[in-house]
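The next block holds one structure in the form of structure tokens; read it before the comments.
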Amino acid sequence: MKRYVAMKNKLAFISILVGVCLFAVTVHASSDWRRVNNYFGNTEMRGAKPDPIDGRKLMVMTASGLYRVDRALSATRASNIISEPVNDVFVLGEQLLVATDKGLFASRNGGRMWKQELTNVLAVDVTAGEGKFFLATSSGVYLREFNESVWARMTGILGRANARRILATDNGVFVLTDHELYFMADDMAQARKVFSYGALAEEGEAVEAVKDEEGSESSQSGLVDIFEGYEGIYLAARDGLFVSRDGGVTWQAFQLSGEVSGDISSVVSMIGEGGRELVCLGTSKGVACGREGSLEMLYSGMEDVAVRRLAVLREHGLVATTRSGIYILENVAGRAAPLADADAQCVFKDYASIVEEFVHEPTVRDVQSWAVDYAEANKAKIDAWRRQARGKAFLPAVSVGVDRASGELLHWDTGPNPDVLQKGRAYADWDLRLTWELSDLIWSSDQTSIDSRSKMMVELREQVIDQVTRIYFERRRLQVEITSCAYANTGDRMAAEMRVDELTALLDGYTGGVFSKRTNINSFNHQPRRNNV
């Protein structure tokens, strides 16, 4: 184990060192995301990560194959390695393992010759642990020794699980499924469940599968990614993030800021300024980076903000994959740094005094109420439906019938007076029927549909309230910093004020513009300043 860890750390160090040196020559610094030239046309992008063999290149996974791409944006070149839909690639020295929709492909000479080692399996993630390779597939977990070529499916629950991700650590291997996380020690004796997303929801409640915008089936809520950081192991769900700082034994919710929006798809971390860890999330609305409680959305320069996968490009850089492109961002740590730097002079008041300074703004309860009303998720709507369902029993079902017939010019009445001779070739008969379902007074079949809608509305209301509450207090925190701290330069202050206006716009979006209408100012730039140096 120690030999393997030493070899892995040595390779990682060399690749980072080479990448840093070469990247400095090929790519200049930028404050925005920059897209790698679109060599692939309309091919679906599935992921990208730094090439540990050549620090100037990226390993790009697409629906049409695996590519090594020159990441110098001015002259992007790509060399195709394998022509199958690729989900993941792992490189260890000269060995390359490629997980595809059609199985696993392996090369022992750096990609010059290939062999398909597994067929008829949907392989999604591959990594290496204690002398073994591990493969996650939709039909279970496979493993093989470094120097062998035969894969064996694991026994027990992991041999049947729909595995999404595999993380190898010094203590063992974590296997991520849709809603559970399993751990296997180095001896591979038995897998045990260490986290269950279903336990966080209502007991017995099933997580429904839905179709996303691209038509593929996904889970409304579930686990999507796992990453080993410097200060813990991070476990991402579509609607939240969890962290374990004791090797996966216990897990706590990682507090996100109000700015984080969209479904989470990926998580990574890196060492930021001051030696503190910086966490980055890929979401359906961009990338969020920062420390616990203060993440900032970074999407400037991205044409497509629906991030599928993140990878650490180097110490302070990221590569983000969307369906239509690959984006690179340098100096993430500098962009996601706290607004008020360590040298700023801050004079804070007590909280009661701070609240008095913002009496001209709506309270958080007002904003929550407006947002719920705008989303039409108010409980009064469900109550009205229930009353209407009960009152339905007093309203009859009305049916009207008309019967027209033709006959001889002179004919006997076929109605209530059969002895009367009538004249006319056509005659009409009609009826009116009223029907009451009095059983609806006790129970209406519409109640089942209303109960289902009510449950969905409660979930929507909770999501709306959670989002606007986070945004509201994130905005208030920035306002307090601006009024209480002296920034090193006007650019930092301007950036902070623009962020407040951005959060104001988000609150307007959730409330249909009511927030700004009920606030005495339209921009934070018009508010009075206090304690400014």
Side-chain angles (χ1 to χ4, degrees), residues 44-49 61 63 85-90 97-104 118 121-129 133-143 151 153-154 156-169 172-184 191-201 206-212 214 216-229 233-244 248 251 262-269 281-284 306-311 321 323:
E44 175 193 352
M45 301 288 111
R46 295 190 174 184
K49 59 177 62 174
M61 292 83 80
V86 177
N87 298 306
D88 192 34
V89 58
F90 184 82
L97 300 178
V98 181
T100 76
D101 288 355
K102 297 183 179 180
L104 184 102
L118 278 178
V121 293
L122 174 58
V124 295
D125 198 28
V126 59
T127 190
F133 290 117
F134 296 89
L135 178 67
T137 77
S138 60
S139 56
V141 178
Y142 293 77
L143 58 86
W151 290 83
R153 184 190 295 190
M154 296 197 63
I157 183 64
L158 294 184
R160 307 182 301 271
N162 178 16
R164 300 175 62 93
R165 291 283 185 270
I166 289 188
L167 172 66
T169 68
V173 177
F174 290 90
V175 178
L176 186 70
T177 68
D178 288 334
H179 300 100
E180 284 82 30
L181 179 67
Y182 296 90
F183 176 76
M184 296 179 295
R192 71 176 189 274
K193 185 188 300 184
V194 296
F195 187 93
S196 176
Y197 188 83
L200 302 177
V207 180
E208 299 178 356
V210 296
K211 297 288 185 180
D212 60 21
E214 300 166 1
S216 60
E217 192 173 89
S218 61
S219 174
Q220 286 180 320
S221 298
L223 303 177
V224 294
D225 200 11
I226 184 170
F227 186 86
E228 183 179 20
I233 299 175
Y234 297 93
L235 182 61
R238 291 187 181 277
D239 56 359
L241 183 65
F242 305 90
V243 61
S244 174
W251 297 85
D263 290 340
I264 298 173
S265 58
S266 182
V267 58
V268 296
S269 72
L281 300 175
T283 78
S284 58
V307 176
R308 289 185 162 191
R309 202 162 179 178
L310 289 178
T321 304
R323 180 183 176 83

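Excluded from the calculations below are hydrogen atoms, water molecules and symmetry mates; all remaining heavy atoms, backbone and side chain alike, are included.
Heavy atoms only, all atoms of each residue included: G129 and A168 are closest at CA-CB, 3.9 Å. Across every non-hydrogen atom of R46 and R309, the tightest pair is O-CD, 4.0 Å. Between N87 and A123, the shortest heavy-atom distance links the atoms ND2-O, 2.8 Å. The heavy-atom pair separating V224 from R165 by the smallest distance is O-CG, 4.0 Å. The two atoms that bring N162 and S138 nearest to each other are OD1-CA, 3.3 Å, heavy atoms only. Closest approach of A191 and L158 over heavy atoms only: CB-CD1, 3.4 Å.
A heavy-atom distance below 4.5 Å is not found between the side chains of E180 and I157. Considering only heavy atoms from C-beta on, T100 comes within 4.5 Å of V98 through its side chain. Within the 4.5 Å cutoff, no side-chain heavy atoms of L122 are placed close to those of T137. The closest side-chain heavy-atom distance from R153 to S139 is below 4.5 Å.
By the 30° and 60° cut-offs, the orientation of the rings of F242 relative to Y197 is perpendicular. Taking the six-membered ring for Trp and thresholds of 30 and 60 degrees, F90 and F133 have ring planes more than 60 degrees apart, a perpendicular arrangement.
Rounded to the nearest 0.5 angstrom, I166 CD1 and L176 CG are separated by 10.0 Å. For the atom pair CG (L135) and CE (M154), the distance works out to 12.5 Å, reported to the nearest 0.5 Å.
No donor-acceptor pair closer than 3.5 Å links the side chain of S244 to the backbone N or O of I233. When atom types are taken as modelled, the side chain of S266 and the backbone of L310 share a donor-acceptor pair closer than 3.5 angstrom. Judged purely by atom type and a 3.5 angstrom limit, D88 has no side-chain atom pairing as donor or acceptor with the backbone of A99. In this structure, the side chain of D263 does not engage the main chain of S284 through any donor-acceptor pair within 3.5 Å. For T127 (side chain) and F134 (main-chain N/O), no donor-acceptor pair under 3.5 Å exists by modelled atom type. At least one donor-acceptor pair under 3.5 Å links the side chain of R308 to the backbone N or O of M45.
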*asked:* Please determine whether side-chain contact (heavy atoms from CB on, under 4.5 Å) holds for the pair I264 and T283, giving the CA-CA distance in whole Å, both sets of side-chain angles, and the decisive distance to 0.1 Å.
replied: CA-CA 4 Å; I264 298 173; T283 78; 4.3 Å; yes
*For V121 and Y142, run side-chain contact (heavy atoms from CB on, under 4.5 Å): C-alpha distance rounded to whole Å, both residues' side-chain angles, the deciding distance at 0.1 Å, then the answer.*
CA-CA 11 Å; V121 293; Y142 293 77; 3.8 Å; yes
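A salt bridge is defined here as a Lys NZ or Arg NE, NH1 or NH2 lying under 4.0 Å from an Asp or Glu carboxylate O, and D125 with R164 fails to meet this definition.
For W251 and F195, the distance between ring centers is under 6.0 angstrom.
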